[in-house]
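If you're wondering where the values come from, they're calculated on a predicted model, not measured in any experiment. Convention: sequence-line order gives letters A, B, ...; per-chain numbering from 1.
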Protein chains: 2
Amino acid sequence: MNAQPLSAREVLKGMDLQADCPVRDVLDHVAAKWTTLILIALGEGPLRFGQLHRALPDISKRMLTQSLRDLERDGLLTRHVFPTKPPSVEYRLSPLGVSMLAPLGALVDWAARAHPAIQQARQAYDAAEAA
Amino acid sequence: MNAQPLSAREVLKGMDLQADCPVRDVLDHVAAKWTTLILIALGEGPLRFGQLHRALPDISKRMLTQSLRDLERDGLLTRHVFPTKPPSVEYRLSPLGVSMLAPLGALVDWAARAHPAIQQARQAYDAAEAA
DNA sequence: CGGGATCCTGCAAGATACTG
DNA sequence: CAGTATCTTGCAGGATCCCG
């Protein structure tokens with residue numbers, strides 16, 4: 001055993017996985033397909049609605065709006081309306097939202113590294129399947 | 001700026017968020033409601049189907065089976081059948097699956113810490129909403 | 001431009017019953 | 001015990017139109 005401040009894996013020990021556990025309450029939102037992508041996009045700086053929409057090519061306006069509301073409700077980002085003509089609205093990460101970038105980045109990094117192995121595993125599985 | 005080996009946030013810079021990017025390909029699975037919970041449960045050691053089902057109280061047999069197949073296909077866990085009577089099947093993390101525990105733990109840790117703030121943000125939002 | 005309101009559809013996922 | 005098969009349904013989410 002080493003002296004790391006807190007092995008991330010230790011956190012998982014004895015984790016209760018009941019439906020009402022706080023972690024699932026938070027993670028269910030995080031996992032929601034679009035929210036992480038929005039947070040990543042905003043990680044580079046505030047963006048307006050249209051810019052965000054262009055950054056996420058395959059999300060509908062409806063889902064983008066809804067996802068932004070969810071994130072705003074959870075306090076991960078803030079919404080600023082500029083009463084210009086036509087109106088413009090800017091979204092930016094809150095400190096809480098910024099605090100999520102590190103762990104999210106770790107996961108994304110893992111995903112990027114693991115991708116080749118996963119691709120290979122899928123092909124092997126599907127090949128065996130077809131037999 | 002400090003000397004951290006690689007700021008997890010740096011990974012997110014310039015991330016392409018197109019639908020076909022590798023990260024989304026992987027994360028879409030990871031985010032799938034049950035898969036992370038299964039990985040966490042198996043992080044403490046191999047489990048049999050029934051034990052896993054008992055560890056995740058609110059998943060149906062159908063979804064558990066399906067999620068396990070997905071994870072097996074992605075090479076994150078392995079399935080071992082013991083031809084006992086009655087048959088028993090054991091699931092255990094593969095090295096690749098184990099390698100995910102660290103980043104996943106980081107995210108879970110964040111979720112646990114952020115939970116109070118998020119709860120509070122939701123209440124504030126809903127209160128303002130009701131007005 | 002940045003949404004809200006409405007309608008409509010597909011598929012994710014529950015319930016139930018059966019099997020090796 | 002550890003699944004499969006079938007049926008059924010809710011609701012996530014797309015398409016479309018409208019508004020300030």
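The shortest non-hydrogen separation linking B:G43 to B:L101 is CA-CD1, 3.9 Å.
Contacts between residues 39-76 of chain B and DNA chain C, counted as heavy-atom distances below 4.0 Å, involve B:S60, B:R62, B:M63.
Taking 4.0 Å as the cutoff to heavy atoms of chain A, we find the contact window on DNA chain D bounded by D:dG13 to D:dG20.
With rounding to the nearest 0.5 Å, the separation of CG in A:L71 from CG in A:L77 is 5.0 Å. In this structure, NZ in B:K33 is found 10.5 Å from OG in B:S67, a value given to the nearest 0.5 Å. Here B:Q51 contributes atom CD and B:E90 contributes atom CD; the two are 8.5 Å apart, rounded to the nearest 0.5 Å.
B:D25 is listed as a side-chain neighbour of A:Q119, based on a closest heavy-atom distance under 4.5 Å. Counting heavy atoms from C-beta outward, A:W34 and A:D58 have side chains that approach closer than 4.5 Å. Using a 4.5 Å heavy-atom cutoff, the side chains of B:F49 and B:T65 are in contact.
At least one donor-acceptor pair under 3.5 Å links the side chain of B:H53 to the backbone N or O of B:I59.
Note that the two end axes of the helix from C:dC1-D:dG20 to C:dG20-D:dC1 enclose an angle of 50°, each drawn from 5 base pairs, rounded to 10 degrees.
Across all strands, B:Y91 comes closer than 4.0 Å only to sugar-phosphate atoms, never to a base (heavy-atom distances).
By the 6.0 Å contact criterion, CD on B:Q120 is open, its count of non-hydrogen atoms from other residues, nucleotides or ligands being 12 or less.
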Practice problem: Go through the steps for B:D70 and B:H29 under the test side chain to side chain donor-acceptor pair (under 3.5 Å), then give the verdict. | Solution: CA-CA 8 Å; B:D70 285 349; B:H29 281 67; 5.3 Å; no
